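The model shown is predicted, which means the values in this text are computed figures rather than measured ones. Just so you know, ligand 1 is whichever comes first in the structure, and atom 1 is the first atom listed for that ligand.
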Amino acid sequence: MRIPLPLIRTSSGSHEGGRSALTCRFRCGDACFHEVPNTTANPYVGDVIAGALSRRSMMRAAAVVTVATAAGTAGAAAGAPSAQAAEAATYKPGKPGNPGKPGAGSGARGLRFQPVAPNTTDAVTVPEGYGQNVVIRWGEPILRGAPAFDPENQTAKAQAGQFGYNCDFLALLPSGERGRQLLVANHEYTDEVLMFRDYDADNPTREQVEIAWAAHGLAVVVVEEDRKTGKLTAVNRHHLNRRITATSEFRVTGPAAGSDLLKTSADPSGTKVLGTLNNCSGGTTPWGTTLHGEENFNQYFANGTRATDKRYGLPATGSERKWERFDKRFDVAQEPNEPHRFGYVVELDPHDPTSTPRKHSLLGRFKHEGATVRLTGDGRPVVYSGDDERFDYFYKFVGSKRMKKGSSRAVREYNMSLLDEGTLYVAKLTGDSPAIEIDGTGKLPSDGEFDGSGEWVPLVTATAKGAVSHVAGMTAEEVCVFTRLAGDKVGATKMDRPEDIEPNPRTGKVYVALTNNSRRGTAGNPGVDEANPRIGNKHGQILELTERWNRADATKFAWSLFLVAGDPNDPATYFAGFPKDKVSPISCPDNVAFDSYGNLWISTDGNQLGSHDGLFGVATRGPRRGELKQFLTVPTGAETCGPIIQDRRVLVAVQHPGEVDGADVANPASTWPDGPGTYVRPAVVSVWRKDGCNIGA
Ligand code: FEO
Ligand code: CA
Ligand code: CA
Ligand code: CA
């Protein structure tokens, strides 16, 4: 929902994906206005149907899936039409709510709450019977010596000790202290017109730029649990609290470490990078660290005309924030390799405030939405990551070293090397229905499902002895720095903006959020295919992968579309076969998470149905598979991010509240969370049940 306000500069033209012009400008550098960076002629799903994978090999992949299901999962098979029909037939509609029992409602276990209706309220709206509190806001002091938030007199020094701007990914880890957890947050980007009164975008001051550097990055904050509710409060000035910013030191690991492609005049070693930028989503590792995706890093660099970086969309002239005026490393004409040092998955050990975070080049360089990890049966890490750009790819990394147990410094150091040896793969998908049946309207093909098989195509393998490229014409370090080009060369499948990816801890199936792609099937762009079946896809879809996830050598998978998002009254939507009159409308799925019951939770970015963004829960198995219910909505202009579903609380990051075309400090579109007369502030919110019971139980 875009709220028109008078005056002020806005970018012209229509914005895609339901976001305001302001969000596009600051978050991704107006990526949607630019040409699609993937202009390669890779085959897409429809093209390869009669090609590389024959019907026989697809049946083999399906057989593999059946084995995996029998061996390790208790849930429904991958949505066979007959199973879906049976589920629909046995479905007993629940009462819309149970007014006598606040907090209760019908639904799958973990999803028994009364759904929140779509709305445009400037607040976090939660189900009846639930409470909420702001855990921490932009600018709250977290380090010793940091001053209280004073937005009219903000300084870079103050910001470096305070919670950063635009919180996105969230992790909660054990803190080692009773009743306390360690909260780790990404600070994806800054929105200067909402941070600074009378901001002059053409002439930012050095102090404003340095405040922005300090407001980017990561935060570690100890949080305390309220014993009666799920409420969390920040513990300021705890010794574990930490800020990582756009100027903190990182060490590059993997095949690109020390490469000529990463050397700059400030760092002739090619291993020491200052800062992390545009950290969107992320993941928590089984060894107790956190991963953070560097997403739209391209927008921070000016004068980016180097041919090799054309696939990454570096601005040809000045950057939006003009950082190049204050540090020449942001000027590609002067430091051509500096952009090669961003676009990675970074790893942080939040338990050691003195540790140097890493940039893992073996996980590839692209617009990483996030990175989620699980272990194979023999203890090796598997990492999934999406490249959030229209017509780009999604990836999997399989490590060759086994995780060690323990928390000594030596064990932690060893485990932080797990992502430096192994193989990076990119996904290639094939549909199983005739291409003519994928007509672009979202109508299901005659076999009743958008589904098929896929393979993980290897790009690069690294061992202790060195790295080997699997891509003709590219060295291993080139694959790690220009990973999009490697994906192009092996014919990876062009997807509708791959966002967060998450394995279901209960069933092993993997869920890929594809947020939208307004260019799909339009003139001059790739057409529809079975995995991306709608022309001008406004609302996105969620892909479900079934693979032998507990085996490190699983390179085949089966897939189906679990959700095709939108208004359930729109015939082009699909909710895993669940009756569509029983589900909440959803648009633009972005971050995904699981609760302990194996329900999928989905946060949205850019609702195109007239409601604010929100958080939804949906059962992934059993008779209620596909029953999607809205749990909360966020304030005006905001995106819902970083969901964490613990038994007693739901945590969300309310990112870019008030980011509406024409808004600024003097003319705010939102005054959340503190009301009129205050600055709108991105913040983390905890939601819990007022009666102290578990969420949705
Ligand atoms: Fe930062 Fe892909 O959203
Ligand atoms: Ca099909
Ligand atoms: Ca997004
Ligand atoms: Ca996101």
> Near the Ca ion (ligand 2), which protein N/O/S atoms fall under 3.0 Å?
Replying inline: D432 OD1, S433 OG, D447 OD1, D447 OD2, E449 O, D451 OD1, E530 OE2
> Are any of the side-chain nitrogens in D30 or R25 under 4.0 Å away from the carboxylate oxygens of its partner?
Replying inline: no
> Can you give me the SG-the Ca ion (ligand 4)-OD1 angle for C280 and D590, to 10°?
Replying inline: 150°
> Rounded to 10 degrees, what angle sits at atom 2 (Fe) of ligand 1 between E499 OE1 and E295 OE2?
Replying inline: 150°
>> Using 2.8 Å as the threshold, say whether any N, O or S atom from D605 sits that close to atom 2 (Fe) of ligand 1.
In response: no
> Hey, what's the ring geometry for F394 with F557, parallel, tilted or perpendicular (30° and 60° as the breaks)?
Replying inline: tilted
> Hey, is R311 close enough to D488 for a salt bridge, meaning N to O under 4.0 Å?
Replying inline: yes
> Would you say the ring centroid of F330 lies under 6.0 angstrom from that of W323?
Replying inline: yes
>> Could you check whether K580 pairs with D570 (Lys NZ or Arg NE/NH1/NH2 to Asp/Glu carboxylate O, under 4.0 Å)?
In response: no
>> Report whether any nitrogen, oxygen or sulfur of D590 sits less than 2.8 Å from atom 2 (Fe) of ligand 1 (N, O or S, backbone or side chain).
In response: no
> Hey, which N, O or S atom on E369 ends up closest to the Ca ion (ligand 4)?
Replying inline: OE2
>> What is the name of the N/O/S atom of E369 that is nearest to atom 2 (Fe) of ligand 1?
In response: OE1
> Can we say R19 and D613 salt-bridge, meaning some charged N sits less than 4.0 Å from an Asp/Glu carboxylate O?
Replying inline: yes
> Passes side-chain contact (heavy atoms from CB on, under 4.5 Å), E294 versus N279? Steps please.
Replying inline: CA-CA 5 Å; E294 294 184 318; N279 298 98; 3.8 Å; yes
>> Suppose we screen for salt bridge (Lys or Arg N to Asp or Glu O under 4.0 Å). Which residues come up paired with E659, at least two apart in sequence or across chains?
In response: none
> Angle class for the Y312/F297 ring planes (parallel below 30°, perpendicular above 60°, tilted otherwise)?
Replying inline: tilted
>> Restricting to N/O/S atoms, is D500 within less than 2.8 Å of atom 2 (Fe) of ligand 1 or not?
In response: no
> Ring centres of H340 and F482 under 6.0 Å apart?
Replying inline: yes
>> Please name the atom of D388, limited to N, O or S, that comes nearest to atom 2 (Fe) of ligand 1.
In response: OD2
